[in-house]
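Given the structure is predicted, the values throughout are model-derived calculations rather than measurements.
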Amino acid sequence: MVGIEVRVVGPEDWEVWRRVRLAGLADAPDAFASTLAEEQGYDEARWRESLGPGRGVRFIAFVDEAPVGMAGGLEPEKPDGRSMLISMWVTPAARGSGIAGRLISEVVGWSKDLGHRAIELWVVDGNETARRLYLKNGFEPVEEYMQLPSNPALREQLLVRTL
């Protein structure tokens, strides 16, 4: 794809983040801990807060200025903990173009820059496309599972990448 750009977004970018996030929740509801209905109810202040200081980092991928994907990173809760890759999604039309790998690289780079030694993520059982993407990008499965908060009928597995 021509003209791929990945940018960090902040509170001033809340409208584009909202648009991409809601598109992701609509397209892949079982890939997120939240629901489309829940986030459709957020007001501007809530969207801005989600992109504010102390909330980690959020990236949006653009192709020719059109947003086509997103990913985020969260700081570890414990000083010696792992950072976390969250909110990973790419539009169906842009899948297979390398954008997902670029987004993962940005979040991993952010984590390394902060001095973290590992990064983790959760992937839903049965989402083999996402699992293959994460394995290809250096994440390894851990025998740790939890129920997906937005759909407790589904189980997620922890994947970790040493940095």
Side-chain angles (χ1 to χ4, degrees), residues 1-25 27-28 31-34 39 42 44-91 94-124 127 129-142 144 146 148-150 156-163:
M1 293 191 132
V2 179
I4 298 171
E5 181 184 5
V6 178
R7 299 181 206 151
V8 173
V9 293
E12 68 280 0
D13 304 301
W14 74 273
E15 290 175 297
V16 68
W17 178 257
R18 178 184 186 274
R19 186 172 59 217
V20 175
R21 177 82 177 164
L22 294 179
L25 287 163
D27 175 64
F32 298 92
S34 187
E39 293 197 19
Y42 291 177
E44 178 181 340
R46 178 78 183 260
W47 286 106
R48 286 180 178 276
E49 178 201 347
S50 73
L51 298 170
R55 304 292 294 198
V57 68
R58 303 294 185 278
F59 294 95
I60 295 181
F62 295 85
V63 172
D64 300 325
E65 295 302 314
V68 296
M70 65 178 173
L74 291 179
E75 293 262 11
E77 291 181 10
K78 297 180 250 164
D80 61 346
R82 299 181 287 242
S83 56
M84 182 175 282
L85 173 67
I86 61 165
S87 301
M88 181 74 202
W89 178 77
V90 174
T91 62
R95 291 178 188 155
S97 66
I99 289 172
R102 286 270 309 269
L103 286 163
I104 291 169
S105 291
E106 293 290 341
V107 177
V108 166
W110 164 83
S111 188
K112 283 181 179 178
D113 288 347
L114 292 176
H116 301 143
R117 289 183 261 161
I119 187 167
E120 65 184 27
L121 61 86
W122 293 91
V123 64
V124 172
N127 188 345
T129 301
R131 182 178 298 277
R132 281 191 303 274
L133 170 71
Y134 298 135
L135 294 175
K136 178 181 170 185
N137 281 275
F139 288 85
E140 297 181 11
V142 175
E144 188 173 331
M146 73 174 186
L148 178 65
S150 62
E156 296 181 290
Q157 183 176 19
L158 184 66
L159 279 66
V160 177
R161 176 177 165 176
T162 302
L163 302 178

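- Residues passing the side-chain contact (heavy atoms from CB on, under 4.5 Å) test with Val124 are Leu148, Leu154, Glu156, sequence neighbours excluded.
- Ala61 is linked by a side-chain contact (heavy atoms from CB on, under 4.5 Å) to Val6, Val68, Ile99, Leu103, counting only residues two or more places apart in sequence or in another chain.
- With contacts defined as side-chain heavy-atom distances shorter than 4.5 Å, the pair Ser150/Leu25 does not qualify.
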Contacts under 3.5 angstrom, residues 104-111 side chains, donor-acceptor by atom type, not counting sequence neighbours:
unit_1: Ser105; atom_1: OG; unit_2: Gly101; atom_2: O; d: 3.0
unit_1: Ser111; atom_1: OG; unit_2: Ser83; atom_2: OG; d: 2.4
unit_1: Ser111; atom_1: OG; unit_2: His116; atom_2: ND1; d: 3.2

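- For the pair Glu75 and Leu114, the minimum side-chain heavy-atom distance is below 4.5 Å.
- Here the CD-CD1 distance, from Glu120 to Ile86, works out to 11.5 Å after rounding to the nearest 0.5 Å.
- Listed by chain and number, the residues in a salt bridge (Lys or Arg N to Asp or Glu O under 4.0 Å) with Glu140 amount to none (sequence neighbours excluded).
- Taking Tyr42 as the reference, Trp47 meet the ring pair (Phe, Tyr, Trp, His ring centres under 6.0 Å) condition, with sequence neighbours excluded.
- A heavy-atom distance below 4.5 Å is found between the side chains of Trp122 and Met146.
- The closest donor-acceptor contact from the side chain of Glu5 to the backbone of Glu65 lies at 3.5 Å or more, if one exists at all.
- In plain terms, the two heavy atoms of Ala71 and Met88 that are nearest each other are CB-SD, 3.8 Å.
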Determine, stepwise, if the pair Phe139 / Leu85 fulfils side-chain contact (heavy atoms from CB on, under 4.5 Å). CA-CA 11 Å; Phe139 288 85; Leu85 173 67; 4.3 Å; yes
Check residues 9-23 and write down every donor-acceptor pair under 3.5 Å in which the side-chain atom is one partner and the other belongs to a residue at least two apart or another chain.
unit_1: Asp13; atom_1: OD2; unit_2: Gly10; atom_2: N; d: 2.9
unit_1: Arg21; atom_1: NE; unit_2: Glu39; atom_2: OE1; d: 2.9
unit_1: Arg21; atom_1: NE; unit_2: Glu39; atom_2: OE2; d: 3.3
unit_1: Arg21; atom_1: NH1; unit_2: Ser87; atom_2: OG; d: 2.9
unit_1: Arg21; atom_1: NH2; unit_2: Glu39; atom_2: OE2; d: 2.8

Please walk me through it: do Val160 and Arg82 pass side-chain contact (heavy atoms from CB on, under 4.5 Å)? CA-CA 9 Å; Val160 177; Arg82 299 181 287 242; 3.7 Å; yes
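- Applying the salt bridge (charged side-chain N to carboxylate O under 4.0 Å, His left out) test to pairs two or more places apart or on separate chains, those with a residue in residues 50-60 are Glu49-Arg55.
- Contacts of Arg102 classified as salt bridge (Lys or Arg N to Asp or Glu O under 4.0 Å), with partners at least two apart in sequence or in another chain: none.
- Annotation: side-chain contact (heavy atoms from CB on, under 4.5 Å) contacts of Ala33 (sequence neighbours excluded): Pro149.
- Shown here are the salt bridge (Lys or Arg N to Asp or Glu O under 4.0 Å) partners of Arg117, two or more places apart in sequence or in another chain: there are none.
- One distance of note links CZ of Arg7 with CZ of Phe59; it measures 13.0 Å at 0.5 Å rounding.
- Every residue was checked against the side-chain contact (heavy atoms from CB on, under 4.5 Å) condition with Ala66, not counting sequence neighbours, and none meets it.
- In this structure, Thr91 OG1 and Asp27 CG are separated by 8.5 Å, a value rounded to the nearest 0.5 Å.
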field: Audit row: Tyr134, Leu121, side-chain contact (heavy atoms from CB on, under 4.5 Å) steps and yes/no
entry: CA-CA 9 Å; Tyr134 298 135; Leu121 61 86; 3.5 Å; yes
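- With sequence neighbours excluded, no residue forms a salt bridge (Lys or Arg N to Asp or Glu O under 4.0 Å) with Glu144.
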